[in-house]
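Single-structure report; data block below.
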Protein chains: 2
Amino acid sequence: MSPSNPTSPAGALSLEQQICYAMHTTVRAFDAVYRELLGEHGLSYPQYIALMTVGEHGPLTVSSLGGHLRLDSGTLSPLLKRMEAAGLVERVRDPEDERRVLVSATAAGHDRLAALGDVPHQIAVRSGLSRREMLDLHRTLRRVTERLDAGA
Amino acid sequence: MSPSNPTSPAGALSLEQQICYAMHTTVRAFDAVYRELLGEHGLSYPQYIALMTVGEHGPLTVSSLGGHLRLDSGTLSPLLKRMEAAGLVERVRDPEDERRVLVSATAAGHDRLAALGDVPHQIAVRSGLSRREMLDLHRTLRRVTERLDAGA
DNA sequence: TACTATCAAATTGCGCACAATCTAATTGTT
DNA sequence: AACAATTAGATTGTGCGCAATTTGATAGTA
């Protein structure tokens with residue numbers, strides 16, 4: 001019956017609700033495909049993204065990597081430790097500032113990235129999005145994120 | 001230098017990659033707003049969605065709730081236990097099939113939902129999306145998810 | 001009836017994400 | 001030089017999400 005909800009329509013989740021739910025769902029669907037493509041290479045999606053970032057942008061501190069990925073040390077520290085244990089990245093204390101840790105891809109890390117070079121294309125095909133749709137979606141997502149970050 | 005990547009363009013993450021990264025980022029930006037709106041009511045976003053679903057669709061088994069939310073018992077069992085401990089949902093073994101557990105919202109759960117009735121509107125405002133853009137985005141997300149689920 | 005197969009939910013283990021706290025190094029101020 | 005404030009990472013605790021396994025109930029079959 002739910003007789004006591006004055007604002008949202010009865011019988012169906014509101015559209016706004018469905019948008020967020022749909023985004024969560026889509027992200028998890030993407031994750032599942034990434035798991036399939038990356039799993040045999042021993043990488044999770046966050047690890048893959050982190051490896052690509054340090055592979056492209058050279059040695060990065062944990063916080064600057066976190067700036068790229070929008071993740072903090074609470075997430076990155078253990079993730080990077082696992083990737084270091086796997087031999088994919090190197091972590092070195094910055095001699096000029098011993099607080100900093102510089103993260104870079106090892107040769108094995110670059111090799112792994114090269115082996116995964118076709119993943120983006122496969123993802124694109126699986127998503128069924130045209131170039132134009134991807135651009136539109138990307139633009140919308142960026143704008144929404146910016147708007148949400150701006151706060152109330 | 002990254003001299004060994006033949007397929008993806010040097011110097012920038014590929015668009016496909018950025019799309020997925022952007023979706024992750026946007027979802028987390030939404031989550032942050034939900035945390036802000038729901039936190040004082042003692043709910044996480046997944047709990048909120050679960051409460052809305054059982055509140056609207058009456059008593060549901062764990063697996064049918066999982067069908068709505070696209071989550072399995074590994075996620076839902078502990079989540080529902082916490083919500084039961086908080087007095088928001090009730091879990092009862094189905095007398096007709098003792099394997100099943102029927103989940104429904106308690107009176108307190110319905111009250112909580114009523115108190116959160118304005119959340120969808122606030123989320124919509126914060127996102128800055130027009131009605132038209134929300135419809136487009138929603139349609140795109142549904143299509144992509146369907147496509148990804150279809151498999152290789 | 002007994003045996004097997006199937007099904008529902010719970011549990012275990014692992015990794016991600018975030019808040020809060022802690023440690024150590026650096027900077028700033030007096 | 002001494003001390004407070006700041007900064008970078010790491011750590012701890014909690015919850016979500018998924019794979020794999022386990023437990024218990026039901027259904028199907030010899």
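Each chain gets a letter, A, B and so on, in the order its sequence line appears, and its residues count up from 1.
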In whole Å, I'd like the distance from the [atom1] atom of [X] to the [atom2] atom of [N].
X: B:Arg100; N: D:dA27; atom1: CZ; atom2: C1'; value: 12 Å
X: B:Lys81; N: D:dT14; atom1: NZ; atom2: P; value: 15 Å
X: B:His24; N: D:dG17; atom1: NE2; atom2: P; value: 12 Å
X: A:Arg93; N: D:dA8; atom1: CZ; atom2: P; value: 12 Å
X: B:Leu69; N: D:dC18; atom1: CG; atom2: P; value: 11 Å
X: A:Met23; N: D:dG17; atom1: CE; atom2: P; value: 14 Å
X: B:Asp94; N: C:dA9; atom1: CG; atom2: P; value: 9 Å
X: B:Met83; N: D:dT14; atom1: CE; atom2: P; value: 19 Å

Does [X] place a side-chain N or O at less than 4.0 Å from the phosphate oxygens OP1/OP2 of [N]?
X: B:Thr61; N: C:dA8; result: no
X: A:Arg91; N: D:dA10; result: yes
X: A:Ser77; N: D:dT11; result: no

Handout entry: Spatial distance of atom CE (B:Met134) from atom OG1 (A:Thr140) [nearest 0.5 Å]
Key = 12.5 Å
Practice task
Could you check B:Glu98 against B:Arg93 for salt bridge (charged side-chain N to carboxylate O under 4.0 Å, His left out), going step by step and ending with a plain yes or no?
Solution key: CA-CA 6 Å; B:Glu98 293 279 343; B:Arg93 284 277 162 192; 5.3 Å; no
Fill in the blank from the handout: Residues passing the ring pair (Phe, Tyr, Trp, His ring centres under 6.0 Å) test with A:Tyr45, sequence neighbours excluded, are A:Tyr34, B:His24
Handout entry: Closest non-hydrogen atom pair between A:Thr106 and A:Gly87, with its separation
Key =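 Scanning both residues completely, I find the closest heavy atoms to be OG1-O, 2.7 Å.
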Problem - Contact nearer the 5' end of DNA chain D, comparing A:Leu60 with B:Ser44 - result: A:Leu60
Problem - Residue closer to the 5' end of DNA chain D, B:Pro46 versus A:Val62 (nearest nucleotide) - result: A:Val62
Exercise for the section: Kindly determine whether B:Asp149 and B:Glu146 satisfy side-chain contact (heavy atoms from CB on, under 4.5 Å), including the steps that lead there. Expected result: CA-CA 5 Å; B:Asp149 284 345; B:Glu146 201 174 329; 5.8 Å; no
Please tabulate, one pair per line, each protein N/O and nucleotide N/O from nucleotides 18-25 of chain C that are separated by under 3.5 Å, including the distance.
residue	atom	partner	partner atom	Å
C:dC18	OP2	B:Arg28	NH1	3.4

Problem - Residues forming a side chain to side chain donor-acceptor pair (under 3.5 Å) with A:Ser64, sequence neighbours excluded - result: A:Thr61
Exercise for the section: For B:Leu79, answer base if it contacts any base atom (sugar-phosphate contacts may also be present), sugar-phosphate if it contacts only those atoms, and nothing otherwise; contact means non-hydrogen atoms under 4.0 Å. Expected result: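 If one applies the 4.0 Å heavy-atom cut-off, B:Leu79 turns out to touch the sugar-phosphate alone, with no base involved.
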Exercise for the section: Evaluate the side-chain hydrogen bond (donor to acceptor under 3.5 Å, both in side chains) criterion for residues A:Thr145 and B:Thr25: first the C-alpha distance (whole Å), next the side-chain angles of each, then the deciding distance (0.1 Å), finally the verdict. Expected result: CA-CA 7 Å; A:Thr145 304; B:Thr25 299; over 6 Å; no
